[in-house]
2 protein chains.
Amino acid sequence: MSREPEDNTIAARIARVLAERIVHGELAPGARLRQDHIAEEFETSHVPVREAFRRLEAQGLAISEPRRGVRVASFDLAEVREVAEMRAALEVLALKHAGRHLTPAILDAAEEATREGDAAADVHAWEEANRRFHRLILTPCAMPRLLASIDDLHAASARFLFSAWRSGWEKRTDHDHRAILAALRQGKAEEAASILQKHVQWIGRAPQPAQKGGERQAFAIVG
Amino acid sequence: MSREPEDNTIAARIARVLAERIVHGELAPGARLRQDHIAEEFETSHVPVREAFRRLEAQGLAISEPRRGVRVASFDLAEVREVAEMRAALEVLALKHAGRHLTPAILDAAEEATREGDAAADVHAWEEANRRFHRLILTPCAMPRLLASIDDLHAASARFLFSAWRSGWEKRTDHDHRAILAALRQGKAEEAASILQKHVQWIGRAPQPAQKGGERQAFAIVG
DNA sequence: CTTTTCAAAATTATAGATAATTTTTGATTC
DNA sequence: GAATCAAAAATTATCTATAATTTTGAAAAG
């Protein structure tokens with residue numbers, strides 16, 4: 001619950017912290033978010049809490065029913081797929097526009113993020129590196145509205161990932177990321193976009209070998 | 001400022017009315033939104049007004065600077081194009097998924113919307129019919145998050161349209177809409193999606209014959 | 001043992017009040 | 001006349017209080 005510099009208002013800080021908790025699964029789907037309790041925890045009144053709720057609602061992380069309160073949004077396989085398809089469509093668009101503006105320095109940083117992802121010891125470290133990779137190659141498109149939408153979709157994606165993969169992370173080599181970088185280095189933005197599209201659409205689609213413990217969902221959840 | 005049935009909270013009603021005013025250009029880009037003044041107009045306290053502001057912010061219709069207040073978002077040609085490209089990407093996705101679920105009744109209703117758009121006497125009537133067409137053929141995709149994003153982009157699109165085209169509407173026959181419907185009637189969802197993509201991407205791109213009065217922007221703004 | 005009812009407790013939504021900050025305005029100086 | 005400064009006014013962000021609604025839970029009825 002630390003204070004980040006971009007927390008200009010109390011409402012922004014509360015929204016950020018609650019979003020983190022929802023994404024990391026500390027707040028379960030369907031859990032009620034009681035404004036007075038949260039206000040007490042953050043040592044504020046409930047007014048900024050209610051403003052934070054509106055932000056979470058817009059991100060799709062919470063559902064508000066008038067007079068009935070706010071709950072952590074639930075989700076199902078259909079929504080995992082919906083978010084994956086939206087990400088595929090929007091990230092492809094972003095990459096096509098970013099293409100011309102990508103520098104060798106950016107691609108090197110993206111390769112480093114890929115290596116860190118491959119070496120990640122747990123799912124949280126992998127997600128952080130994965131998100132950094134995607135953000136690095138997409139940010140140069142300079143389309144703020146598009147990037148904001150993609151960020152929200154990444155939060156939803158991360159939430160699905162963490163809910164499915166609480167333990168038992170296995171290191172894996174991300175061949176897709178490497179193929180994307182190779183294509184970008186050759187200036188083949190369209191080809192890179194095509195690989196990126198399949199890479200992200202994979203989420204929620206393909207069967208996945210069941211993990212030890214048997215509580216694994218049989219669907220790919222990385223990307 | 002009438003009370004719609006879906007206005008469950010005061011904040012929702014304020015957000016809807018302010019969004020309408022911004023989209024219709026009654027509130028100019030950069031105009032300050034003073035919470036006390038709006039609260040007085042709606043005969044409420046400023047608490048629900050602030051919550052409405054958070055909703056407008058999420059829709060990209062307003063910009064909030066902490067301690068400095070909220071302003072109507074400004075926009076430029078780059079954002080018109082950005083919104084057009086996002087709409088193209090997301091509407092194509094929605095149409096591909098809606099394809100299987102489209103019934104003759106829906107397509108008939110969409111054709112009627114197209115006819116109404118062609119016959120529209122002013123830009124507002126045209127926009128209403130156009131939005132109805134897009135919504136009719138996309139809603140059956142049953143992807144709520146995707147449809148919500150498309151709705152927000154349509155609001156932005158309508159705003160750009162109204163700002164550029166305050167007067168001097170000329171009737172036009174929408175050949176794209178008819179081609180989309182023809183493809184859908186033949187079950188060619190991919191072909192329909194391809195026409196839809198070009199139809200929407202047109203916005204903000206192609207030169208447009210200057211209108212009498214000379215205050216016309218030289219870019220297509222319909223779609 | 002389950003269902004219904006109803007009052008108590010909890011919770012939401014809104015209003016009213018206050019502290020902190022920004023903007024405006026008008027006098028003053030250069 | 002333009003620039004500077006400070007006090008006044010306006011505005012934002014937040015807190016405290018209150019009314020309205022929902023939820024809870026225990027007693028009564030079937």
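Atoms considered below: every heavy atom in the structure, side chains included; atoms not considered: hydrogens, waters and symmetry mates. Below, chains carry the letters A, B, ... as their sequence lines are ordered, and counting in each starts from 1. Here the structure is a predicted model, which means the values were calculated and not measured.
Which of C/dT14, C/dT23, D/dT23 sits closest to the side chain of B/R68 comes down to C/dT23. Picking from D/dT14, C/dT23, D/dT22 the nucleotide with the shortest atom distance to the side chain of A/V47 gives D/dT14. Of the candidate nucleotides D/dA13, D/dT22, D/dA17, D/dA17 has the atom lying nearest to any side-chain atom of A/H46.
Checking the phosphate oxygens (OP1, OP2) of D/dT11, a side-chain nitrogen or oxygen of B/H37 falls inside 4.0 Å. Contact annotation: A/R34 side-chain N/O to C/dT11 OP1/OP2 distance is under 4.0 Å. Contact annotation: B/R50 reaches the phosphate of D/dA13 (side-chain N/O to OP1 or OP2, under 4.0 Å).
With a 4.5 Å cut-off on side-chain heavy atoms, A/V47 and A/Q35 do not count as touching.
When all heavy atoms of B/R54 and B/S64 are compared, the pair lying nearest together is NH2-OG, 3.4 Å.
To the nearest angstrom, P of C/dT22 lies 17 Å from CG of B/D36. Nucleotide C/dT23 holds its P atom 14 Å from the CD atom of B/Q35, rounded to whole Å. D/dA13 atom C1' lies 15 Å from atom CD of B/E65, rounded to whole Å. Note: CD1 (A/I38) to C1' (D/dC15) measures 17 Å, nearest angstrom. Rounding to whole angstrom units, CZ of residue A/R13 and C1' of D/dT14 are separated by 13 Å. Rounded to an integer number of Å, the gap from CZ of A/R32 to P of D/dT22 is 11 Å. Remark: C1' of D/dA13 and CG of B/L33 are 16 Å apart, rounded to the nearest angstrom. Between the C1' atom of D/dT14 and the CG atom of A/N8 lies a distance of 16 Å, rounded to the nearest Å.
The nearest heavy atom of DNA chain D to A/A11 and to A/R67 marks one nucleotide each, and the one closer to the 5' end goes with A/A11.
Atom CZ of A/R135 has 12 or fewer neighbouring heavy atoms from other residues, nucleotides or ligands inside a 6.0 Å radius.
For A/R159 and A/E26, the salt-bridge test fails: no basic side-chain N is under 4.0 Å from an acidic carboxylate O.
Side-chain N/O atoms of B/E111 and B/H177 include no donor and acceptor closer than 3.5 Å.
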